[in-house]
Amino acid sequence: MPQWLCNQLMRAFQSKNRRQIRLLNDCWFFYRTRKTGTDADESSSFLR
């Protein structure tokens, strides 16, 4: 997880800002699926 996102999440949890926690959680899952999708595409094209 990127450090900036981890810091934002910690601040949101400390302030109990549920809206920001949900938003950052969605950002993390989008980032993670996008990054793994890119890695999978690169490795499959490498094998061809």
Side-chain angles (χ1 to χ4, degrees):
M1 178 179 292
Q3 190 60 44
W4 65 268
L5 184 57
C6 192
N7 291 339
Q8 291 280 334
L9 273 168
M10 286 192 328
R11 270 189 236 127
F13 272 104
Q14 288 172 353
S15 64
K16 297 180 179 148
N17 186 342
R18 290 182 179 184
R19 184 173 166 258
Q20 189 175 12
I21 292 168
R22 284 190 196 118
L23 176 68
L24 293 167
N25 190 41
D26 288 344
C27 288
W28 167 242
F29 279 103
F30 177 76
Y31 173 84
R32 194 180 73 175
T33 56
R34 181 109 173 185
K35 186 145 179 76
T36 56
T38 304
D39 293 344
D41 291 343
E42 289 174 359
S43 63
S44 64
S45 63
F46 179 71
L47 295 174
R48 289 183 189 164

K.L.:
According to side chain to side chain donor-acceptor pair (under 3.5 Å), who are the partners of N7, at least two apart in sequence or on a separate chain?
P.N.:
Q3

K.L.:
Using the rule that two of Ile, Leu, Val, Met, Phe, Trp, Tyr join whenever any of their side-chain heavy atoms come within less than 4.5 Å, decide whether L24 and Y31 are in one cluster.
P.N.:
yes

K.L.:
With a 3.5 Å cut-off and sequence neighbours excluded, list the donor-acceptor pairs that the side chains of residues 8-16 form with protein atoms.
P.N.:
unit_1: Q8; atom_1: OE1; unit_2: Q20; atom_2: NE2; d: 3.2
unit_1: S15; atom_1: OG; unit_2: R11; atom_2: O; d: 3.0
unit_1: S15; atom_1: OG; unit_2: A12; atom_2: O; d: 3.3

K.L.:
F29: which residues meet the side chain to side chain contact (heavy atoms under 4.5 Å, CB included) condition with it, sequence neighbours left out?
P.N.:
N25, R32

K.L.:
Mind checking whether I21 and L5 sit in one hydrophobic cluster, side chains of I, L, V, M, F, W, Y counted as touching below 4.5 Å?
P.N.:
yes

